[in-house]
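As structure tokens, the structure follows; a few thoughts come after it.
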Amino acid sequence: MCTTCGCGPDDVHIDGEHHHHDHGIAYRPRAKAHSHSHDHDHHDHSHDHGHDHHSHAPGTSKARMVQIEQDILSKNDAYADGNRKVLAAKSIFALNLVSSPGSGKTTLLCKTIELLQGKREVAVIEGDQQTDQDAARIRATGAAAIQINTGKGCHLDASMVGRAMEKLPLPEQSVLMIENVGNLVCPAAFDLGEAHKVVILSVTEGEDKPIKYPDMFRAADLMLLNKCDLLPYLSFDVDKAIAFARQVNPGLKVIRTSSTSGEGMDEWLQWIDAGVATAAQAQTVAPRTAAKVSYRPVG
Amino acid sequence: MHEMSLAEGVLQLIEDAAKREGFQRVTAVWLEIGQLAAVETEALRFCFDAVTRNSVAEGAKLEIVDLPGQGWCMKCCATVAMSEHMGACPQCGSHQVQVTGGSEMRVKELEVE
């Protein structure tokens with residue numbers, strides 16, 4: 001679906017099932033004039049193949065202008081709003097975890113679930129190009145997990161997440177963790193309906209990642225600086241990394257974490273708790289207002 | 001960044017409009033792309049040609065209107081021009097500038113028949 005990575009929208013699997021033409025969700029197949037019959041979405045059941053003869057009386061087919069004035073990603077954003085409403089109705093706090101591959105997202109997630117056990121229900125949507133290894137790792141902790149395989153895709157989109165949400169038990173005031181495809185570029189542009197994007201940067205990467213991949217660090221509200229237990233063995237400059245991150249996103253909150261030593265886990269869990277409380281409050285005060293303005297892809 | 005996704009998004013909006021408005025061919029498409037939207041317009045043109053093949057928009061001319069980058073400098077308390085996302089305020093040199101314009105990616109209008 002994205003040229004950066006050469007990925008396409010085909011071959012999306014949710015827990016092993018092929019969802020290409022699944023009950024009308026418009027995850028569009030390659031554009032071909034005659035493939036439209038499989039492409040109806042929830043709001044539009046037209047099966048039009050371009051045969052609107054009534055509106056094209058002979059002799060009137062002159063050029064005319066049609067105003068559109070719509071955002072290019074408006075379809076994704078509409079699905080994201082739908083997801084956000086479902087989540088808000090149940091006061092669920094949803095996070096979109098983004099990072100490059102190998103930042104320790106899944107391990108951090110497993111640790112988080114372990115620490116929340118008995119206190120807070122967590123469900124997980126795992127996005128990877130191939131395999132359900134990550135979902136299996138999550139399920140081993142006892143949490144419910146759905147694997148989305150994006151096939152050639154380099155990011156999750158809101159429609160995929162909405163379909164996965166239908167298959168997950170999502171109790172009230174629980175936490176939904178969406179682990180995006182490991183990629184610091186493309187997932188930045190796609191709102192999934194989450195409350196926050198959380199970017200994970202591990203100290204085994206370069207300090208300058210935030211300025212090399214500014215979109216993602218700008219889209220995030222929280223940065224977890226992960227694998228901090230390894231700092232004594234590395235020349236990674238923490239202050240410099242945080243300064244770079246705040247250069248692209250002055251309001252970015254930063255927590256130093258380590259799944260191995262447990263550093264920062266208390267602060268991370270408190271942040272999650274505060275988010276759940278806010279989600280619950282939003283539900284009491286104004287159940288139908290969207291939690292957050294959707295992120296416009298920039299950078 | 002996501003030129004193929006964007007091109008597919010554009011085509012979706014065009015096809016929706018075709019159903020709604022009942023036209024069968026698009027001859028030109030106007031997009032508004034902000035200077036800070038990080039869209040490679042040449043890549044977008046290439047992808048647009050690729051995804052519109054065999055569609056109502058096959059062969060349509062793609063017109064891309066650049067929208068200028070703008071930001072709000074917290075130090076100057078003023079709207080300033082921005083040429084890049086992490087750019088400093090042209091007046092005071094501060095990086096405390098919030099982008100307020102130039103991130104747009106919009107389908108503006110179509111010429112159809």
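Residue numbers start from 1 in every chain, and the chains themselves are labelled A, B, ... in the order their sequence lines are given, proteins ahead of strands.
Between atom CD of residue B:E8 and atom NZ of residue A:K75 there is a gap of 12.5 Å, rounded to the nearest 0.5 Å. Atoms OG and CE, on A:S74 and B:M105 in that order, are 10.0 Å from each other to the nearest 0.5 Å. Taken from CD in A:Q67 to CD in B:E109, the straight-line distance is 4.5 Å, to the nearest 0.5 Å. Atom OG in B:S5 sits 7.5 Å away from atom CG in A:L73 (nearest 0.5 Å). Put simply, CD1 on B:I14 and CD on A:Q70 are 11.0 Å apart, with the number rounded to the nearest 0.5 Å. Rounded to the nearest 0.5 Å, atoms CZ (B:R106) and CD1 (A:I72) are 9.5 Å apart.
The number of heavy atoms from other shown groups lying within 6.0 Å of CD (B:E63) is above 12. Within 6.0 Å of atom OH in A:Y213, 12 or fewer heavy atoms from other residues, nucleotides or ligands are found, so the atom counts as exposed in its surroundings.
Minimum interatomic distance between B:E111 and A:A63 (heavy atoms only, all atoms of both residues): CG-CB, 4.3 Å. Taking both residues in full, the closest heavy atoms of A:P250 and B:Q96 are given as CB-NE2, 4.2 Å, listed atom of the first, atom of the second, then distance.
Using a 4.5 Å heavy-atom threshold, the side chains of A:R64 and B:E21 count as touching.
For B:I33, the part lying near chain A is the side chain, with the backbone staying farther off; criterion is any non-hydrogen pair under 4.5 Å.
A:E69 has a carboxylate O that lies under 4.0 Å from a charged side-chain N of B:K108, or vice versa, which qualifies the two as a salt bridge.
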